[in-house]
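Chain A is the first sequence line, chain B the second, and so forth, proteins listed ahead of strands; every chain is numbered from 1. Nothing here was measured: the structure is a model prediction, and the numbers come from that model.
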Number of protein chains: 2
Amino acid sequence: MYTVKEVAALLDLTEHTVRYYTDKGLVPNLQRDEHNNRQFDKAAVNWLLCVKHLRHCGMGLNDIKTYISLCQEGDATVSERYEIMSKQQAAALAQLEEAKRRVAYIEEKANRYFDLLMKMKSENPI
Amino acid sequence: MYTVKEVAALLDLTEHTVRYYTDKGLVPNLQRDEHNNRQFDKAAVNWLLCVKHLRHCGMGLNDIKTYISLCQEGDATVSERYEIMSKQQAAALAQLEEAKRRVAYIEEKANRYFDLLMKMKSENPI
DNA sequence: TATCACCTTCGAGCAACTCGCAGTCAACCG
DNA sequence: CGGTTGACTGCGAGTTGCTCGAAGGTGATA
């Protein structure tokens, strides 16, 4: 069982975001303790992780909510869920490629600045 | 020389976003033609590309603007720019790792749905 | 001449946070 | 026993970064 603070640290989200997601109903069957504090069990943490990953694929919170509802409905929705996941898989792969290009671009810039800095230092030593 | 539409297609941004960035001053020395239409030369496209990459690293538009201003100021700001790029390089690398984890997570889900679907089909053929 | 296919500005709207306040509760400390 | 600390609560307002659409200008084509 985790508190908001713990689960936020665990999943690298802010506490605000965790509350925001739970308030939006993105974590089914979230328990509360006797003081009304949110209690995250394994399942709740997994739902949050799922939200996080889908969110980072570019999926909107409403669509994520729809997907989570489908998950609650049992085997009848498996093919629909498969369609959704396939789309997000494509999105995730495209993003991975883009992330690689980004790293290459920025690495090159950083290296050029570094070389320039070295050159400037050697031309004008202290 | 590119129009808004062309540069948007080239960099995979919306036309709205391209105009938004230029209006925010994120593309130095952007030229206009005799009808006041934005004209993107090689340099302008490169600035936009730079904005796009930094943006996707999680950098805010204000910070990007600051960086671009530093670029305009010449060699005196090289070390400052190097610091910025190093930070963004770290961010980009962290993101790449996260993107890999995301792909793995979603791939696994999609595969499980696929297997489940196959199993359901074989148990209940048409 | 009119209908396109572009472009322009501008202001409103929206998603997803993000922040901070006021208040509750439990635990510890002098 | 009072006070402080710290983590939680809800809630409403603010921010960022788009996103959309209206209203209008220009030039080429039918």
Measure from the side-chain heavy atoms of [X] and tell me the nearest of [options].
X: B:Tyr20; options: D:dC18, C:dT18, D:dC8; result: D:dC18
X: A:Asn36; options: D:dG10, D:dC8, C:dT9; result: D:dG10
X: B:Lys5; options: C:dC6, C:dC17, C:dC25; result: C:dC6

In whole Å, I'd like the distance from the [atom1] atom of [X] to the [atom2] atom of [N].
X: B:Leu30; N: C:dT9; atom1: CG; atom2: C1'; result: 15 Å
X: B:Phe40; N: C:dT8; atom1: CZ; atom2: C1'; result: 13 Å
X: B:Glu6; N: C:dA5; atom1: CD; atom2: P; result: 16 Å
X: A:Asn37; N: C:dG23; atom1: CG; atom2: P; result: 18 Å
X: A:Ile64; N: C:dA16; atom1: CD1; atom2: C1'; result: 11 Å
X: B:Glu34; N: D:dG27; atom1: CD; atom2: C1'; result: 11 Å
X: A:Gln39; N: D:dT9; atom1: CD; atom2: P; result: 10 Å
X: A:Glu15; N: C:dC19; atom1: CD; atom2: C1'; result: 13 Å

**Asked** Is B:Tyr21 reachable from B:Met59 through a run of hydrophobic residues whose side-chain heavy atoms are each under 4.5 Å from the next?
**Response**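 Shared cluster, yes.
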
**Below 4.0 Å: OP1/OP2 of C:dA26 and any side-chain N or O of A:His35** =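 Yes, because at least one side-chain N or O of A:His35 sits under 4.0 Å from OP1 or OP2 of C:dA26.
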
**Asked** Is any side-chain nitrogen or oxygen of B:Arg19 closer than 4.0 Å to OP1 or OP2 of C:dT8?
**Response**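 True: B:Arg19 side-chain N/O within range (under 4.0 Å) of C:dT8 OP1/OP2.
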
**Prompt:** Closer to the 5' end of DNA chain D via nearest nucleotide, is it B:Asn62 or B:Thr14?
**Reply:**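 On the 5' side of the pair lies B:Asn62.
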
**Request:** Hey, which sits more toward the 5' end of DNA chain D by its nearest nucleotide, B:Arg55 or B:His16?
**Result:**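 Nearest-nucleotide comparison on DNA chain D picks B:Arg55.
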
**Request:** Side-chain contact test, heavy atoms from C-beta onward, threshold under 4.5 Å: evaluate it for A:Glu97 versus A:Arg101 and give yes or no.
**Result:**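 When only atoms from C-beta onward are counted, A:Arg101 and A:Glu97 do touch, with a gap below 4.5 Å.
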
**Prompt:** Within a strict 4.5 Å, meaning less than it, do heavy atoms of the B:Arg38 and B:Leu30 side chains meet?
**Reply:**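 In short, these two side chains touch, coming nearer than 4.5 Å.
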
**Message:** At 4.0 Å (heavy atoms only), tell me whether A:Arg38 reaches a base, stays on the sugar-phosphate, or touches nothing.
**Reply:**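 A:Arg38: backbone/sugar contact only, no base atoms under 4.0 Å.
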
**Parallel, tilted or perpendicular: ring planes of A:Tyr113 versus B:Tyr67, cut at 30 and 60 degrees** =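 Answer is perpendicular, since the angle exceeds 60°.
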
**Message:** Just by distance, no angles: are the side chains of A:Ser69 and A:Thr66 close enough, under 3.5 Å, to form a donor-acceptor pair?
**Reply:**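 Looking only at side-chain atoms, A:Thr66 and A:Ser69 do not form any donor-acceptor pair under 3.5 Å.
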
